[in-house]
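As structure tokens, the structure follows; a few thoughts come after it.
Below, each value reflects all heavy atoms present in this structure, side chains not excepted, and no hydrogens, waters or symmetry copies. Proteins come first, then strands; the chains are lettered A, B, ... in the order of their sequence lines, and each starts at number 1.
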Number of protein chains: 2
Amino acid sequence: MAAHEPATLDSVAARAGVSRQTVSNVLRHPARVAEATRERVLAAIRESGYRPSLPARQLATRRAHAIAVRAERQQDGISGLVLDAFYHGLAEAGQDNGLRVVLYAQPADEAAELEIIDDLVQTGAADAVVLTATSADDQRPAYLSGSGTTFCAFGRPWGHDDEPHDWVDVDGARGTGLAVQHLLDLGRRSIAYLGWPGDGAEPSTGSDRRRGWLETVEAAGLGAPVEARSLNDAAAAEAAVASLLSGADAPDAIVCASDTLALGAHRAAVAAAGGGTPATVVGFDATPVAAALGLVSVAQPIDQAAHLCIDLLTGRFETPDRPARGVLVPPVLHLPA
Amino acid sequence: MAAHEPATLDSVAARAGVSRQTVSNVLRHPARVAEATRERVLAAIRESGYRPSLPARQLATRRAHAIAVRAERQQDGISGLVLDAFYHGLAEAGQDNGLRVVLYAQPADEAAELEIIDDLVQTGAADAVVLTATSADDQRPAYLSGSGTTFCAFGRPWGHDDEPHDWVDVDGARGTGLAVQHLLDLGRRSIAYLGWPGDGAEPSTGSDRRRGWLETVEAAGLGAPVEARSLNDAAAAEAAVASLLSGADAPDAIVCASDTLALGAHRAAVAAAGGGTPATVVGFDATPVAAALGLVSVAQPIDQAAHLCIDLLTGRFETPDRPARGVLVPPVLHLPA
DNA sequence: CTCAAATGTTTGAGCGCTCAAACCGTAACG
DNA sequence: CGTTACGGTTTGAGCGCTCAAACATTTGAG
């Protein structure tokens with residue numbers, strides 16, 4: 001606990017009676033050092049409480065040993081909570097791979113964000129970026145590919161298969177498929193879908209989730225599937241589902257593209273049931289809101305996704321020119337406690 | 001956009017026809033450089049797209065220009081969402097002060113966490129730490145004070161006034177006071193409190209929130225205040241409130257120590273009302289759950305708190321021995337949209 | 001006109017590490 | 001018994017910056 005001068009490679013070397021480089025080798029390339037020497041050096045390291053200087057290493061290796069990730073400006077309501085788990089996963093997986101995670105504040109627009117990323121990379125504060133919340137009209141992947149910045153996206157390159165890059169995403173179709181299956185097991189026979197406007201037209205998260213529902217419902221050989229759309233807003237969702245439930249062929253279950261939609265759907269269902277059994281609602285994201293309402297919801301394995309992002313990045317650090325790789329992880333169904 | 005060798009202090013200096021140090025001065029101590037020279041150097045910097053190397057600076061100044069903050073292992077249910085906003089606030093305020101924010105994954109226990117913090121500081125990855133979620137029996141502040149690590153806590157040093165340190169906290173009493181006042185304005189006359197077990201005994205977040213309720217209710221000169229306690233769990237809270245509402249002197253409003261408690265209270269209130277007007281519930285933290293249920297909730301000004309943490313830290317960097325300082329920020333009442 | 005004090009700029013050294021190349025014994029080979 | 005080879009180790013150089021001190025140049029006072 002003494003407040004000595006902090007130990008350096010040289011001070012440890014002197015103590016162990018070897019050269020600076022040998023100490024470094026013990027740490028970075030243990031195989032190069034003879035057994036006996038290694039023991040002695042390790043002892044010296046332990047005794048002196050030596051901690052290698054990160055900045056010095058960064059300077060010498062020209063690598064930051066860090067990745068950057070964006071801190072969202074503000075959680076857009078119900079979802080967004082998933083990010084906390086993502087941050088933790090990144091930090092954890094990063095620690096295991098000698099990578100630190102640095103946060104940058106989401107600025108006003110994409111252009112400003114790209115500037116920040118460039119800055120982080122060029123100043124040597126980060127080697128790579130993890131992009132979150134990517135969408136089809138996202139400029140960032142193309143720009144980063146163009147500028148040669150290493151990155152991994154959490155989210156598929158929707159509609160940009162021509163510009164491949166590393167990505168990790170959750171299999172939304174699989175998730176809604178699980179939801180439908182669960183409802184079928186529960187005996188539901190008319191399973192509707194509540195999605196976002198535009199789902200199904202262009203490739204997107206929404207289209208993907210809708211597809212999983214559609215395919216599973218059709219595979220079950222049930223009647224013509226019913227669906228509604230709404231902006232990601234509980235009130236709007238409630239209205240949309242209310243009209244869906246007032247129709248002649250009212251469904252007995254509703255799979256939703258998000259927990260926000262599920263909240264609205266749930267309200268509408270309870271109202272429409274008028275004391276009877278309301279249609280069963282399944283959400284997406286397994287947020288506390290779904291849990292609070294006692295709804296089943298599709299949970300994204302965020303932690304796993306974060307670890308995979310780190311894996312892809314470390315892989316690319318080692319083999320910079322390997323072809324782009326994408327990984328799809330399966331979600332799981334979360335039943336309320 | 002050319003992929004030249006990245007510019008350095010020397011390359012810029014050569015281009016501007018001055019010495020290395022002058023370029024450095026232009027950036028760090030503009031006053032030391034003559035107007036004309038400065039212009040010329042700035043032009044050279046612009047033309048060459050020079051970005052100072054962070055690692056080099058860190059090595060030379062022996063400062064990381066970064067602070068560390070913990071990424072929570074897992075959001076404990078409803079609350080915890082606040083952290084996202086906190087991270088963003090830290091990153092934003094940090095950027096304005098030349099501080100980067102690095103994340104570390106919350107490990108299994110406090111001892112392991114302290115080890116990680118030590119490591120970050122000793123390797124020069126961070127100059128200071130922002131502690132989150134501090135509690136009365138928290139070992140971390142004392143340890144960090146002892147080891148001379150600079151830090152700022154988001155949370156008061158409950159019951160540890162003997163070991164002062166920098167902190168920022170939200171005025172919980174003020175928050176519940178606002179809640180009570182709001183209910184009084186609404187015409188409620190019997191305002192109960194739902195808190196956590198032990199609130200009121202020892203100094204703590206819970207005691208603080210309870211005190212705000214108690215003082216405001218007493219100041220209003222209403223009848224003897226009623227209260228209940230429950231673990232931070234919706235089901236437990238529901239049970240606690242149910243028995244509260246079944247009593248003779250059932251309250252017409254309930255102020256809660258958290259949104260999780262509020263959720264339970266809300267359910268109990270709706271059930272007890274049996275179709276009539278349920279008791280009004282006010283939550284704490286203004287999470288999406290409260291919004292989803294249409295509940296009023298006390299919102300913590302997280303962004304402001306984060307900025308204040310950075311202010312305290314930068315202040316301490318400049319004046320390491322100034323006395324410890326604590327800042328209390330007032331919360332605001334969030335009405336559902 | 002001289003000298004000292006400003007003012008502006010450069011030089012030298014060093015932060016702690018890693019790379020590549022040089023070095024040194026000793027074992028294996030012809 | 002000289003030569004090559006090789007595991008193990010050391011040396012030199014340099015990553016890009018900042019500090020402190022040294023060095024010019026100008027200015028104002030005596």
Side-chain angles (χ1 to χ4, degrees), chain A residues 4-42 44-45 48-66 98 100 119 121-125 127 317, chain B residues 4-42 44-45 48-66 98 100 119 121-125 127 317:
Chain A
H4 292 293
E5 278 293 284
T8 71
L9 226 36
D10 280 297
S11 77
V12 173
R15 175 177 220 130
V18 296
S19 78
R20 179 179 15 110
Q21 182 65 41
T22 296
V23 180
S24 173
N25 284 338
V26 167
L27 260 22
R28 309 288 168 208
H29 308 278
R32 288 187 194 163
V33 181
E35 174 73 23
T37 318
R38 198 187 317 142
E39 293 297 325
R40 196 150 36 91
V41 171
L42 284 174
I45 289 178
S48 59
Y50 169 71
R51 311 267 72 193
S53 157
L54 207 78
R57 193 153 103 91
Q58 293 178 187
L59 185 58
T61 59
R62 291 131 158 290
R63 293 241 283 124
H65 303 282
R100 271 153 312 103
D119 209 75
V121 172
Q122 284 168 22
T123 59
D127 298 318
F317 288 150
Chain B
H4 292 293
E5 278 292 283
T8 70
L9 226 38
D10 280 297
S11 77
V12 172
R15 174 176 219 130
V18 296
S19 77
R20 183 180 12 110
Q21 181 64 44
T22 297
V23 180
S24 173
N25 282 338
V26 167
L27 261 22
R28 310 286 169 211
H29 308 279
R32 289 187 193 163
V33 180
E35 173 73 22
T37 318
R38 199 189 314 142
E39 294 296 325
R40 197 149 37 91
V41 171
L42 284 173
I45 288 177
S48 58
Y50 169 72
R51 312 266 71 193
S53 158
L54 207 79
R57 193 153 104 91
Q58 292 178 189
L59 186 56
T61 59
R62 290 130 159 293
R63 293 242 284 124
H65 304 281
R100 272 152 314 101
D119 208 75
V121 171
Q122 284 168 21
T123 60
D127 298 317
F317 288 149

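- Between B:R62 and the phosphate of C:dG16, there is a side-chain N or O to OP1/OP2 separation shorter than 4.0 Å.
- Under the side chain to side chain donor-acceptor pair (under 3.5 Å) criterion, A:R15 pairs with A:E47, sequence neighbours left out.
- Nucleic acid contact class of A:T22 (heavy atoms, under 4.0 Å, all strands): base.
- For A:R51, the side chain to side chain donor-acceptor pair (under 3.5 Å) partners two or more places apart in sequence, or in a different chain, are B:D119.
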Pairwise N/O distances under 3.5 Å, protein to nucleotides 18-22 of chain D:
unit_1, atom_1, unit_2, atom_2, d
D:dT18, OP1, B:R28, NE, 2.8
D:dT18, OP2, B:S24, OG, 2.5
D:dT18, O4, B:R20, NH1, 2.6
D:dC19, N4, B:Q21, OE1, 2.4

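- Within the model, atoms CZ of A:R57 and OG1 of B:T123 stand 10.0 Å from one another, a figure rounded to the nearest 0.5 Å.
- A:S19 and A:A13 make their closest contact through C-CB, 3.6 Å (heavy atoms, listed as atom of the first residue, atom of the second, distance).
- The overall bend of the helix from C:dC1-D:dG30 to C:dG30-D:dC1, read as the angle between its terminal helix axes built from five base pairs each, is 50° when rounded to 10 degrees.
- At the phosphate of D:dT11, neither OP1 nor OP2 sits under 4.0 Å from any side-chain N or O atom of A:S19.
- With sequence neighbours left out, the side chain to side chain contact (heavy atoms under 4.5 Å, CB included) criterion links A:T37 to A:V18, A:T22, A:V33, A:A34, A:R40, A:V41.
- Atom CD of A:E5 sits about 13.0 Å away from atom OG of A:S48, to the nearest 0.5 Å.
- Of the possible donor and acceptor atoms, none in the side chain of A:S11 sits under 3.5 Å from a partner among the backbone N and O of A:A7.
- Atoms OH and CG, from B:Y50 and B:L42 in turn, are 12.5 Å apart once rounded to the nearest 0.5 Å.
- Straight-line distance from the NE2 atom of B:H65 to the C1' atom of D:dC17: 10 Å, rounded to whole Å.
- Applying the side chain to side chain contact (heavy atoms under 4.5 Å, CB included) test to A:A60 and every residue at least two apart in sequence or in another chain returns nothing.
- When the side chain to side chain donor-acceptor pair (under 3.5 Å) test is applied to A:R63, the partners found at least two apart in sequence or on another chain are A:D127.
- Across every non-hydrogen atom of B:P55 and A:L59, the tightest pair is CB-N, 3.9 Å.
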For a quick test of your reading: what N or O donor-acceptor pairs under 3.5 Å do the side chains of residues 24-32 of chain A make, sequence neighbours left out?
unit_1, atom_1, unit_2, atom_2, d
A:N25, OD1, A:Q21, NE2, 3.2
A:N25, ND2, A:Q21, O, 3.4

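- A:A66 pairs by the side chain to side chain contact (heavy atoms under 4.5 Å, CB included) definition with A:A64, A:R100, A:V102, not counting sequence neighbours.
- Look at CZ on A:R63: it is 16 Å from P on D:dG16, rounded to the nearest Å.
- Taking every heavy atom of residues 33-41 of chain A and every atom of DNA chain C, no pair lies under 4.0 Å.
- Taking atom CG of B:L59 as the reference point, atom C1' of C:dG14 lies 9 Å away to the nearest angstrom.
- Within 4.0 Å of A:P55, counting heavy atoms only, lies no atom of the nucleic acid at all.
- For the segment residues 10-18 of chain B, residues with any heavy atom less than 4.0 angstrom from an atom of DNA chain C are, sorted by number, B:V18.
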